[in-house]
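Please read all numbers here as calculations on a predicted model, not as lab measurements.
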Amino acid sequence: ALALKKMPWNRNLVPEALRTPFLLNLDMQKKWYKNEIINRTSRTRFFALYNDERHFIGYGGIEHIEWENSRAELSLLIFSSYIGKGYGQEAVETILKHAFYNLGLNFIYLESYTCNPMIEFWKKISTRYSGHNTILRYTKLRNGTYYDSIHITIDKIDFKLSKENK
């Protein structure tokens, strides 16, 4: 709980990227932390992200792990003051390596809403790792407007090939 209090949970960073229509209060965050992060049977694996100066810059990992289908969803939140400095790309690569080589998963997917200012970042990630993209219509209602989302799938084979062709 001490670590939670130290984490900058002010989520006005990129509210367009969040799935929940509301911000989580501290009690909700503690429950999520207990049930998902420190629970060994959870289908979530999240990591705190630090830069070389040891500043906490965000968190990311995989969630909704389906061991039986060898797939999971990638999730990433970089705090606004660290966006555009290459941390996101490095974090995605690290998370993909962990998912594919340490956890033995074969498919990673992610979803980003078109109202998310980081949508171009995710499109670049998809291109970099030969991802497969699908547009899902009207998936996010925000401030009275529906937005589409892009669903990106990256598989282990394409990830490995993209690394070899660098």
Do [X] and [Y] touch side chain to side chain, with heavy atoms closer than 4.5 Å?
| X | Y | value |
| --- | --- | --- |
| Glu111 | Leu136 | yes |
| Leu105 | Trp67 | yes |
| Arg71 | Thr153 | no |
| Gln29 | Leu26 | yes |
| Phe121 | Asn116 | no |
| Ile38 | Tyr33 | yes |
| His55 | Tyr82 | yes |
| Thr44 | Ile37 | yes |

Say you draw a straight line from [atom1] of [X] to [atom2] of [Y]; how long is it, rounded to the nearest 0.5 Å?
| X | Y | atom1 | atom2 | answer |
| --- | --- | --- | --- | --- |
| Ile150 | Asn133 | CD1 | CG | 4.0 Å |
| Lys160 | Lys97 | NZ | NZ | 13.5 Å |
| Leu77 | Leu49 | CG | CG | 9.0 Å |
| Lys156 | Ile108 | NZ | CD1 | 10.5 Å |
| Phe107 | Phe159 | CZ | CZ | 15.0 Å |
| Ser42 | Asn35 | OG | CG | 8.0 Å |

Exercise. Treat each ILVMFWY residue as a node, draw an edge where side-chain heavy atoms are under 4.5 Å apart, and state whether Ile57 and Ile83 are in one component.
Key: yes
Quiz item: Side-chain heavy atoms under 4.5 angstrom apart, residues restricted to Ile, Leu, Val, Met, Phe, Trp, Tyr: same cluster for Leu74 and Met118?
Solution: yes
Practice problem: Take Asp158 and Tyr129 through the test side-chain contact (heavy atoms from CB on, under 4.5 Å) and record every step on the way to the result. | Solution: CA-CA 6 Å; Asp158 287 338; Tyr129 300 116; 6.0 Å; no
Minimum heavy-atom distance [X]-[Y], with the two atoms named:
| X | Y | result |
| --- | --- | --- |
| Arg142 | Cys115 | CD-SG, 4.4 Å |
| Tyr113 | Ser149 | CD2-CB, 3.7 Å |
| Glu66 | Arg43 | CA-NH1, 3.5 Å |
| Gly104 | Ser70 | O-OG, 3.5 Å |
| Ala99 | Ile62 | CB-CD1, 4.1 Å |

Do the ring planes of [X] and [Y] sit parallel (below 30°), tilted (30 to 60°) or perpendicular (above 60°)?
| X | Y | answer |
| --- | --- | --- |
| Phe47 | His98 | perpendicular |
| Tyr138 | Tyr146 | perpendicular |
| Phe56 | Tyr50 | tilted |
| Trp32 | Phe46 | perpendicular |

Within a reach of under 6.0 Å around [atom1] of [X], are more than 12 heavy atoms found that belong to other residues, nucleotides or ligands?
| X | atom1 | value |
| --- | --- | --- |
| Ile157 | CD1 | no |
| Tyr101 | OH | yes |
| Glu90 | CD | no |

Self-check item: SB check Lys124 Glu120 (cutoff 4.0 Å)
Solution: no
Self-check item: Asn39-Thr41 side chain donor-acceptor pair, cut-off 3.5 Å
Solution: yes
Exercise. Look only at the side chain of Thr114 and the backbone of Asp148, and say whether a donor-acceptor pair between them is shorter than 3.5 Å.
Key: yes
Practice problem: Decide side-chain contact (heavy atoms from CB on, under 4.5 Å) for Tyr87 and Leu76; before the verdict, give the C-alpha distance in whole Å, the side-chain angles of both, and the deciding distance to 0.1 Å. | Solution: CA-CA 11 Å; Tyr87 297 124; Leu76 179 67; over 6 Å; no
Self-check item: Step-by-step side-chain contact (heavy atoms from CB on, under 4.5 Å) determination, Thr139 to His151
Solution: CA-CA 11 Å; Thr139 55; His151 193 269; over 6 Å; no
Practice problem: Could you please spell out the steps behind the side-chain contact (heavy atoms from CB on, under 4.5 Å) verdict for Ile152 and Ile125? | Solution: CA-CA 9 Å; Ile152 299 168; Ile125 291 295; 5.9 Å; no
